[in-house]
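Sequential numbering from 1 along the given sequence is applied to the chain's residues.
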Amino acid sequence: MTDSWANFGADLHLDLSAGRGRRAGLVEALREAARSGRLAPGTRLPSSRSLAVDLGMARNTVADAYAELVAEGWLTARQGSGTRVAERARPRPGKAAGAAPVRRPERRGPSYSLVPGTPDLSGFPRAAWLAAARRALTHAPNDAFGYGVDARGRVELREALAEYLARVRGVYADPERIVLCAGFVQGLKLMSGVLRARRVREVAVEGYGLNVHRDVLAAAGLRMRPLPVDGAGARTEDLAGAEAAGAVLLTPAHQFPTGAALTPARRAAAVDWARRTGGLILEDDYDGEFRYDRQQIGALQGLDPDRVVYLGTASKALAPGLRMGWLVLPPGLVEDVLAVKGRAEWTSSALDQLTLAEFMRSGAYDRHVRGMRQRYFRRREALVAAVGERVTAVSGISAGLHAVLDLPAGTEGPLVQAAAWHSLSLTGLSYYRHPEADMPARDALVVGYGTPPDSAWGATLAALAATLP
């Protein structure tokens with residue numbers, strides 16, 4: 001005699017033959033259904049009263065069957081949650097008799113990273129940001145939840161940025177001349193489009209820089225003229241011979257990757273060139289907020305707001321994942337940028353913009369930057385102490401989130417490979433060199449000491465020390 005229960009999409013055949021009792025048949029049916037997967041983990045079973053009625057059994061018989069399967073681990077029973085099929089670990093493939101053992105996957109990527117360009121993401125101020133987000137959301141106007149009618153971005157953030165940049169970076173910033181974007185790369189894409197629309201065909205760039213920035217310029221059809229870089233920054237005096245260039249891209253505060261600061265004379269040379277030729281200076285304020293040996297130098301834009309486009313981001317001070325950047329534009333350039341960007345704000349969340357505005361107005365941004373400045377300064381000091389006599393020199397100013405370790409000629413490549421053996425990701429200076437730059441060869445490592453989280457900093461530094469001869 002066989003009974004069936006088809007509730008909940010499962011057919012449970014209860015075999016009561018061969019002297020087996022109905023309780024034993026129910027236990028076996030449920031056990032087999034759970035084992036085979038016909039009853040998926042988490043499935044809620046009917047109450048003992050309901051199932052007893054369906055099967056014509058005594059309620060105590062069903063309750064006893066449930067209790068036995070709970071004791072065996074096939075079911076779980078919690079007050080208010082009913083009886084459910086228990087979650088069970090799936091058997092590992094390859095464990096059956098005669099099956100080949102499963103190979104453990106090889107480790108992907110290095111264990112430690114000193115690649116520059118990323119802050120310590122574990123330092124993101126989650127609690128303070130959440131508090132700012134709550135305040136911003138509480139007071140957000142209804143239109144903040146719309147599509148975004150102003151392509152410049154939320155006026156609340158533009159006003160907060162104008163105050164902050166003027167106070168901290170010496171930038172002349174009118175909120176009406178600030179355009180928000182999704183980071184530096186998007187800002188550079190917008191300016192590349194503007195330059196093309198203005199029939200610019202060539203842009204001067206630093207002889208060392210990021211490939212992604214050069215790719216953006218190249219994608220816009222712009223030729224590049226590399227300027228040599230030395231201990232005083234880019235040789236802007238060479239712009240006098242760059243007659244075809246309509247713009248120059250510079251990192252004056254902390255040249256990436258060499259770590260030099262553009263000297264006053266070379267700042268003046270760049271501004272003189274822009275005034276004389278009508279060209280534009282695109283200022284990447286890289287690491288502008290992180291100077292350790294002295295008060296940070298003001299932005300180049302302060303020398304001539306009519307000829308300098310200031311590009312800044314929250315990527316290093318907070319996190320690149322926020323996708324938050326801004327352009328401070330000369331008066332006659334705002335409409336040109338908006339023509340390229342479009343007439344609505346599609347790239348950055350209005351709520352994130354309002355949160356950053358609140359974060360700045362409350363003073364939390366200043367406090368966070370001060371705290372991170374101390375953290376990165378201590379890391380730089382520890383790095384310099386750890387490398388000691390093992391490198392030729394630690395060059396560049398005491399600033400930013402990376403340092404340059406100068407090496408004997410011919411050793412850069414082998415040391416980068418040796419680092420990989422120690423599961424450490426390192427980048428050589430040659431990686432950032434423009435292929436057409438007219439500069440002497442230089443062997444060095446670009447060490448991003450801001451990248452590791454605090455928990456991994458000691459081990460990462462030890463891996464670097466083990467790599468160096």
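Residues Tyr376 and Phe290 bring their aromatic ring centres within 6.0 Å. Proximity of the aromatic rings of Tyr432 and Phe256 is defined here by a centroid distance below 6.0 angstrom, and this criterion is met.
For Lys316 and Asp287, the salt-bridge test fails: no basic side-chain N is under 4.0 Å from an acidic carboxylate O. Between Asp143 and Arg154 there is a salt bridge, with a side-chain nitrogen of the basic residue lying less than 4.0 Å from a carboxylate oxygen of the acidic one. The existence of a salt bridge linking Asp230 and Arg442 is excluded, since no basic side-chain nitrogen approaches an acidic carboxylate oxygen closer than 4.0 Å. Remark: Arg152 engages Glu176 in a salt bridge, criterion side-chain N to carboxylate O under 4.0 Å.
Partners of Tyr172 by ring-ring contact (aromatic ring centres under 6.0 Å, His included), not counting sequence neighbours: none found.
Asp443 and Thr411 are not linked by any side-chain donor-acceptor pair at a separation below 3.5 angstrom, with hydrogens and angles left out of the test. Checked by atom type, the side-chain pair Tyr365/Glu289 shows a donor-acceptor distance below 3.5 Å. A donor-acceptor contact closer than 3.5 angstrom links the side chains of Gln255 and Thr258.
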Exercise. Could you go step by step and tell me if Thr251 and Asp284 meet the side-chain hydrogen bond (donor to acceptor under 3.5 Å, both in side chains) rule?
Worked result: CA-CA 5 Å; Thr251 52; Asp284 177 2; 5.9 Å; no
Exercise. For Arg225 and Asp238, what are the C-alpha separation, side-chain angles and deciding distance, and is it a salt bridge (Lys or Arg N to Asp or Glu O under 4.0 Å)?
Worked result: CA-CA 10 Å; Arg225 180 188 183 96; Asp238 289 6; over 6 Å; no
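A ring pair (Phe, Tyr, Trp, His ring centres under 6.0 Å) with Phe359 holds for exactly one of Phe124, Trp129, Tyr164; it is Trp129.
Of the possible polar contacts, none joining the Glu206 side chain to the Ala234 backbone as a donor-acceptor pair under 3.5 Å is found. Of the possible donor and acceptor atoms, one in the side chain of Thr451 sits under 3.5 Å from a partner among the backbone N and O of Val115.
For Arg134, the CZ atom counts as loosely surrounded, since its 6.0 Å shell holds 12 or fewer non-hydrogen atoms of other residues, nucleotides or ligands. Counted within 6.0 Å of CZ on Arg199, heavy atoms from surrounding residues, nucleotides or ligands total 12 or fewer; the atom is thus considered open.
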